[in-house]
Amino acid sequence: MARFLQRVWKWGMEAYSKRIFKDLDKYGLRYDDLLIETDPDVITAINRLPARERALRQMRLKRALDIELKHSYIPVHMRGKQGPHRYLTPFIEQARKERLEKENNL
């Protein structure tokens with residue numbers, strides 16, 4: 001029974017992720033673009049991004065705001081070309097690990 005529930009849970013998570021990614025593609029966003037910049041780990045991770053990637057992130061956010069205000073979406077041929085949705089997650093995990101190590105050493 002537990003194995004069945006695990007499969008159902010995994011299927012639900014995958015379906016939800018696909019739906020979210022599809023909705024973000026309409027605005028030309030990646031999933032990690034939506035992370036709130038008040039978390040110290042997210043701030044550290046954003047600062048560790050290469051300058052080009054930080055600039056692209058800002059442009060995606062500005063474009064999404066503009067598209068939302070115009071009540072439209074990006075053209076279909078441009079959707080899904082933003083690259084991986086989880087580009088910031090490895091940096092966040094590393095920053096969190098370093099912060100926790102530092103807190104434990106104090």
Side-chain angles (χ1 to χ4, degrees):
M1 183 67 170
R3 195 166 192 82
F4 172 74
L5 291 176
Q6 286 177 341
R7 286 188 205 159
V8 170
W9 182 259
K10 184 178 178 183
W11 174 82
M13 286 181 9
E14 289 173 0
Y16 178 75
S17 293
K18 287 179 185 178
R19 177 67 182 166
I20 293 295
F21 293 162
K22 186 177 178 181
D23 288 344
L24 289 173
D25 284 341
K26 292 177 186 177
Y27 294 97
L29 290 171
R30 296 181 186 177
Y31 182 81
D32 285 348
D33 290 338
L34 301 180
L35 296 176
I36 299 172
E37 297 179 24
T38 56
D39 180 7
D41 298 329
V42 174
I43 293 170
T44 303
I46 291 171
N47 290 334
R48 290 181 181 175
L49 283 174
R52 184 179 191 290
E53 189 63 41
R54 275 195 312 261
L56 289 171
R57 181 177 191 270
Q58 289 300 317
M59 286 190 297
R60 284 192 301 271
L61 291 169
K62 288 178 184 178
R63 178 181 58 202
L65 178 62
D66 182 52
I67 289 171
E68 176 65 23
L69 292 173
K70 292 177 181 176
H71 301 287
S72 65
Y73 301 119
I74 64 171
V76 176
H77 70 278
M78 291 178 62
R79 295 182 190 176
K81 295 187 179 186
Q82 296 299 324
H85 279 272
R86 299 289 189 143
Y87 68 97
L88 195 58
T89 304
F91 291 101
I92 294 171
E93 291 171 356
Q94 181 66 28
R96 184 168 292 130
K97 181 181 173 186
E98 290 172 3
R99 180 180 52 82
L100 292 174
E101 285 177 3
K102 185 177 179 181
E103 288 175 359
N104 289 336
N105 288 335
L106 293 178

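Numbering of residues begins at 1 and proceeds along the displayed sequence.
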Any chance you could lay out the side chain to side chain contact (heavy atoms under 4.5 Å, CB included) test for Leu65 and Lys62, step after step, and finish with the verdict?
CA-CA 5 Å; Leu65 178 62; Lys62 288 178 184 178; 5.8 Å; no
Nearest atoms (heavy-atom pairs only) where Ile67 meets Ser72
CG2-O, 2.6 Å
Can you tell me if NZ on Lys97 sees more than 12 non-hydrogen neighbours from other groups inside 6.0 Å?
no
Is it the case that atom CD1 in Ile36 sees more than 12 heavy atoms from other parts of the structure closer than 6.0 Å?
no
Distance-only, no hydrogens or angles: does the Arg54 side chain make a donor-acceptor pair with backbone N or O of Asn47 under 3.5 Å?
yes
Who else is in the cluster with Tyr87 when I, L, V, M, F, W and Y are joined by side-chain contacts under 4.5 Å?
Leu35, Val42, Ile46, Leu49, Leu88, Phe91, Ile92
Listed partners of Arg30 passing side-chain hydrogen bond (donor to acceptor under 3.5 Å, both in side chains), at least two apart
Glu53
Please verify the inter-ring angle class for His85 with Phe21; under 30° counts as parallel, over 60° as perpendicular, anything in between as tilted.
parallel
Salt bridge or not for Arg19 and Glu14, using N-O below 4.0 Å?
no
Once side-chain hydrogen bond (donor to acceptor under 3.5 Å, both in side chains) is applied, do any residues pair with Gln94, and if so which ones, sequence neighbours excluded?
Glu98
Do Asp33 side-chain atoms and Leu29 backbone N/O form a donor-acceptor pair below 3.5 Å?
no
In the single-linkage hydrophobic clustering (I, L, V, M, F, W, Y; side-chain heavy atoms under 4.5 Å), do Leu34 and Tyr16 co-cluster?
yes
So that I can tick it off, tell me whether Asp66 and Arg63 are bridged by a salt bridge, with the cut-off set at under 4.0 angstrom between side-chain N and carboxylate O.
no
Grab the two heavy atoms, one from Asp39 and one from Arg96, that are nearest each other, plus how far apart they are.
OD2-NH2, 3.5 Å
Under the side-chain hydrogen bond (donor to acceptor under 3.5 Å, both in side chains) test, residues paired with Lys10 that sit two or more places apart:
none
Residues in side-chain hydrogen bond (donor to acceptor under 3.5 Å, both in side chains) contact with Thr89, at least two apart in sequence or another chain:
Asp32
Going only through I, L, V, M, F, W and Y residues with side-chain contacts under 4.5 Å, is there a path from Ile43 to Leu100?
no
Are any non-hydrogen side-chain atoms of Asn105 and Lys102 less than 4.5 angstrom apart?
no
Report the distance from atom NZ of Lys22 to atom OG of Ser17, rounding to the nearest 0.5 Å.
14.5 Å
Transitive ILVMFWY cluster of Leu56 at side-chain heavy atoms under 4.5 Å: who else is in it?
Met59
